[in-house]
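No experiment lies behind these values; they were computed from the predicted model shown. Start at 1 and go down the list; that is how both ligands and their atoms are numbered.
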Amino acid sequence: MDDRELSDLTTKCIRCGFCLEACPTFALTGNEMESPRGRIYLVRSALEGALPWQETRKHLELCLGCRACETACPSGVQYGSILEVARERLEQPSLAKKALLAAMTNPALLKASLKAPGKRIPRFFSKEPPQVDKPLAQPHQAWPELHDLPPVRGSVYLLEGCAMRTLFPEVHSATRRLLRRLGYEIRPSDAGCCGALHSHNGYRKGGIDMANALLKAMPGSEPIIVNSAGCGSHLKHLGFDRCLDMSEFFHAEGLTDLLQNAPSYKKRVTYHDACHLAHGQRIESQPRDLLRAIPGIQFAELNEASFCCGSAGIYNITQPTMARALLERKYENIQATGAEIVVSGNPGCHAWIEQAARERGGKVEVLHTAEILERALSGITGDQRASQ
Ligand code: SF4
Ligand code: SF4
């Protein structure tokens with residue numbers, strides 16, 4: 001995208017301010033330059049030569065890329081695209097950022113870096129104290145054998161990705177089982193990272209190349225099922241409409257009906273909207289409908305459910321203080337529901353909220369949507385961490 005196209009995107013902003021209240025960084029700072037309207041103004045000023053590009057840097061870096069402003073905007077401003085292109089424009093070749101992105105998105109490197117000494121992931125590009133604990137390996141889930149399966153009626157791909165496959169392998173196990181319960185088999189593929197983190201952090205071209213390579217590794221017309229909100233949002237943003245979030249696919253394929261015959265699951269549960277599901281893909285009702293369809297469940301709606309938790313890709317590593325403030329706010333809202341389980345659909349939110357739960361004694365369990373649905377259908381009701 002050239003400067004002219006970026007400028008056209010910014011001119012759609014009519015400066016009405018409807019987005020301000022939805023913006024987490026504006027909510028916490030009260031500073032117009034940390035709001036969507038302010039950031040669009042800064043980008044526009046830099047494009048017109050009225051401001052050096054470098055002066056936009058700290059404001060664009062403090063942006064979460066959560067896209068809550070897009071949901072709130074009555075003019076259809078594509079803020080996510082403005083941010084991606086402006087960050088690419090700003091980003092100097094940075095070996096440190098490239099190394100961080102490589103470590104986060106290459107399963108072998110990610111595994112190795114989690115074994116390095118120290119409890120926390122070191123800070124990058126920040127003088128603030130680091131806040132992110134190295135995620136713990138997800139406990140192995142002993143799933144019971146599947147019975148009474150329907151005949152196979154179709155095939156799909158499952159995007160295994162990078163962070164999800166390394167940190168939360170049981171989310172993939174649960175998704176595979178749910179697919180099979182609905183009569184779908186999974187086509188094998190060796191596709192890796194989709195490039196979402198690269199695109200969101202100033203390496204847009206690299207992110208697009210990785211997404212194209214991923215699509216090549218999944219030939220044909222079968223749907224590509226995605227269980228990581230950030231990946232799904234990135235791929236859909238590029239127009240790859242074969243990609244479907246697991247919750248929209250399962251909802252459309254009748255999983256709510258199947259859940260009616262599940263054993264009773266008497267748990268109090270709340271749901272946190274991952275930004276890239278609620279704002280990036282506008283998927284809010286399907287996961288809630290699926291959760292509410294579990295027999296016996298007590299579903300408690302979360303205050304500020306679609307307000308970012310501060311994880312935001314590598315944001316909690318690069319902007320630890322703001323990320324921590326948002327995590328505290330999110331966790332207070334979760335505690336206020338009285339829920340035993342909080343459900344979400346993205347590995348970043350999962351690991352970050354799980355850290356907050358651990359820090360407070362681990363009374364709340366964090367599960368991916370696929371995990372709780374499959375646990376309910378399999379009749380697994382206990383807290384699996386307690387049995388480790
Ligand atoms: S709501 Fe949309 S048009 Fe209004 S100020 Fe925000 S970005 Fe601009
Ligand atoms: S993407 Fe999120 S943090 Fe950034 S301007 Fe929009 S609402 Fe604010």
Measure the shortest side-chain to side-chain distance between [X] and [Y] over non-hydrogen atoms and say whether it is less than 4.5 angstrom.
X      : Y      : value
Leu235 : Leu159 : yes
Glu128 : Arg324 : no
Asn212 : Leu238 : no
Glu88  : Tyr203 : no

Whether Ser35 lies under 4.0 Å from ligand 1, heavy atom: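 False for this residue.
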Close approach, Gly17 and ligand 1, non-hydrogen under 4.0 angstrom: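 Gly17: in contact with ligand 1 (<4.0 Å).
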Looking at [X], which atoms of ligand 1 are within less than 4.0 Å of one of its heavy atoms?
X     : value
Arg15 : 5 (S), 8 (Fe)
Cys19 : 1 (S), 5 (S), 6 (Fe), 7 (S)
Ser75 : 3 (S)
Pro74 : 1 (S)

Ring centroid separation His350 to Phe168 under 6.0 Å: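 Ring-ring flag for His350/Phe168: true, centres closer than 6.0 Å.
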Approximate separation, where rounding is to 0.5 Å, of Asp273 CG and Leu302 CG: 8.0 Å
Keeping [X] on the side-chain end and [Y] on the backbone end, is there a donor-acceptor pair under 3.5 Å?
X      : Y      : answer
Arg329 : Ala325 : no
Glu70  : Tyr79  : yes
Arg242 : Glu222 : yes
Glu5   : Asp2   : yes

With heavy atoms of [X] as the reference, note each atom of ligand 2 found under 4.0 Å away.
X     : answer
Pro36 : 5 (S)
Gly65 : 1 (S), 4 (Fe)
Arg67 : 1 (S), 2 (Fe)

N, O or S atom of Cys16 closer to atom 6 (Fe) of ligand 1 than 2.8 Å: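 So Cys16 does not bind atom 6 (Fe) of ligand 1 by this criterion.
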Contact partition for Ile40 relative to ligand 1, non-hydrogen atoms under 4.0 Å: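 Side chain only.
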Any N, O or S atom of Cys23 closer than 2.8 Å to atom 8 (Fe) of ligand 2: yes
Cys73 N/O/S atom closer than 2.8 Å to atom 2 (Fe) of ligand 1: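 Checking Cys73: at least one N, O or S atom is under 2.8 Å.
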His276 and His200 aromatic ring geometry - parallel, tilted or perpendicular at 30°/60° bounds: tilted
Ligand 2 versus Phe26: contacting region, heavy-atom distance under 4.0 Å: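 Looking at Phe26 and ligand 2, no heavy atom falls under 4.0 Å.
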Under-4.0 Å heavy-atom contact with ligand 2, by part of Arg39 that carries it: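 The answer is the side chain.
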Considering non-hydrogen atoms of the protein only, which is the closest contact for [atom], and what is the distance?
atom                    : value
atom 4 (Fe) of ligand 2 : Cys63 SG, 2.3 Å
atom 6 (Fe) of ligand 2 : Cys69 SG, 2.3 Å
atom 3 (S) of ligand 2  : Leu64 N, 3.4 Å
atom 8 (Fe) of ligand 1 : Cys13 SG, 2.4 Å
atom 2 (Fe) of ligand 2 : Cys66 SG, 2.3 Å

Derivation of the side chain to side chain contact (heavy atoms under 4.5 Å, CB included) call for Glu301 and Tyr271: CA-CA 7 Å; Glu301 193 53 74; Tyr271 178 76; 5.6 Å; no
